[in-house]
Amino acid sequence: MNILTNIIIAIVALLHLYFLYFEMFAWETKGPKIFKQFPKDLFTPTKALAANQGLYNGFLSAGLIWTFFITNPTWQSNIALFFLGCVAVAGIYGAITASKKIFFVQALPALIGILLVLIK
C-alpha cells in the first residue's frame, strides 16, 4: 500500500484508539463535556454500555494496525478493506441513528481509506 493509504489507515486506527480510551476510561469525566445535550446523571448508569462500545472500537483499531504487519499485499489489502468497511458501516449507522457528525468523523475517513486501497 502507498504512503497516503497507510496514513489514512493509521488515522482511522488512532481515532478508534481514542474512542476506546474515551468510552472505556473517560466516559464519566469527558462525556458530559462532549455530549452537553445529555443529562449529566446519564453517564454513570451508561458507563458499562460505553465501555462495551469502546472495546469494539479497540477491535477495529487492532484490525487496522494488523494491516501494517501483513507482508502479503493481497491479504494486506483485503484485511484493510474488511476493517475499513466495518468502520464505514458503523459510521454510517451512527450518522443515521445518532448524529450526522459521526459520518464525517468516522465513516468519511474510512471511505477515503477504502477508495485509496482500491485504486492503489
Side-chain angles (χ1 to χ4, degrees):
M1 288 191 283
N2 68 35
I3 293 172
L4 182 58
T5 305
N6 286 338
I7 290 170
I8 293 295
I9 290 171
I11 288 170
V12 174
L14 289 172
L15 277 170
H16 283 78
L17 279 178
Y18 173 75
F19 299 155
L20 174 145
Y21 160 76
F22 170 69
E23 293 169 344
M24 292 188 82
F25 305 109
W27 183 247
E28 292 176 285
T29 56
K30 291 187 182 227
K33 296 173 190 164
I34 294 171
F35 298 105
K36 294 177 180 157
Q37 71 273 22
F38 297 142
K40 289 188 185 343
D41 61 347
L42 179 72
F43 291 90
T44 298
T46 60
K47 182 179 178 180
L49 295 171
N52 191 41
Q53 288 178 183
L55 186 61
Y56 285 107
N57 280 307
F59 293 146
L60 293 172
S61 182
L64 291 169
I65 292 168
W66 177 31
T67 65
F68 295 116
F69 299 97
I70 299 171
T71 56
N72 180 295
T74 301
W75 273 103
Q76 185 183 42
S77 294
N78 288 340
I79 298 300
L81 287 170
F82 173 78
F83 283 99
L84 288 168
C86 290
V87 170
V89 169
I92 291 167
Y93 183 79
I96 292 169
T97 60
S99 169
K100 302 226 183 309
K101 187 167 77 170
I102 294 172
F103 177 82
F104 299 101
V105 173
Q106 187 174 13
L108 186 58
L111 291 169
I112 291 169
I114 289 168
L115 180 65
L116 291 172
V117 170
L118 291 174
I119 64 171
K120 65 172 177 131

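- To the nearest 0.5 angstrom, Cys86 atom SG is 6.0 Å from Leu60 atom CG.
- With sequence neighbours excluded, no residue forms a ring-ring contact (aromatic ring centres under 6.0 Å, His included) with Phe103.
- With rounding to the nearest 0.5 angstrom, the CD1 atom of Ile9 is 10.0 Å from the CG atom of Leu4.
- A side-chain donor-acceptor contact under 3.5 Å links Ser77 to the backbone of Pro73.
- The closest side-chain heavy-atom distance from Leu20 to Phe59 is not below 4.5 Å.
- Hydrophobic clustering places Ile34 together with Phe43 (ILVMFWY residues linked when any side-chain heavy atoms are closer than 4.5 Å, directly or through intermediates).
- In terms of hydrophobic clustering, with Ile, Leu, Val, Met, Phe, Trp and Tyr side chains grouped at heavy-atom distances under 4.5 Å, Leu49 and Met24 are assigned to different clusters.
- Closest approach of Val12 and Pro109 over heavy atoms only: CG2-CB, 3.8 Å.
- Considering only heavy atoms from C-beta on, Val87 comes within 4.5 Å of Gln106 through its side chain.
- With values rounded to the nearest 0.5 angstrom, Ile112 atom CD1 is found 11.5 Å from Thr5 atom OG1.
- The minimum heavy-atom distance between Ala13 and Ser61, with the atom names listed, is O-OG, 2.8 Å.
- Note on ring orientation: taking the six-membered ring where Trp is involved, the planes of Tyr18 and Phe22 are parallel (angle under 30°, cut-offs 30° and 60°).
- Residue pairs satisfying the salt bridge (Lys or Arg N to Asp or Glu O under 4.0 Å) criterion with at least one member in residues 3-15, sequence neighbours excluded, are absent.
- Cluster annotation: Val105 and Tyr93 are assigned to distinct hydrophobic clusters (Ile/Leu/Val/Met/Phe/Trp/Tyr, side-chain heavy-atom contacts under 4.5 Å, transitive).
- Under a 3.5 Å cut-off, the side chain of Thr67 and the backbone N or O of Leu64 do form a donor-acceptor pair.
- Linking ILVMFWY side-chain heavy atoms closer than 4.5 Å, directly or via other members, places Ile96 and Val89 in two distinct hydrophobic clusters.
- The two residues Gly94 and Ile102 make their nearest non-hydrogen contact at O-CD1, 3.7 Å.
- The side chain to side chain donor-acceptor pair (under 3.5 Å) contacts involving residues 26-38 comprise Trp27-Thr46, Glu28-Thr44, Glu28-Lys47, where partners must be two or more places apart or lie in separate chains.
- No more than 12 heavy atoms of other residues, nucleotides or ligands shown are found within 6.0 angstrom of OH on Tyr56.
- Rounding to the nearest 0.5 Å places CZ of Phe83 at 11.0 Å from CD1 of Ile65.
- Residue Leu84 holds its CG atom at 9.0 Å from CG of Leu111, rounded to the nearest 0.5 Å.
- The minimum heavy-atom distance linking Ala88 with Ala110 is given by the pair N-CB, 3.8 Å.
- Here the CD1-CG distance, from Ile8 to Leu108, works out to 9.0 Å after rounding to the nearest 0.5 Å.
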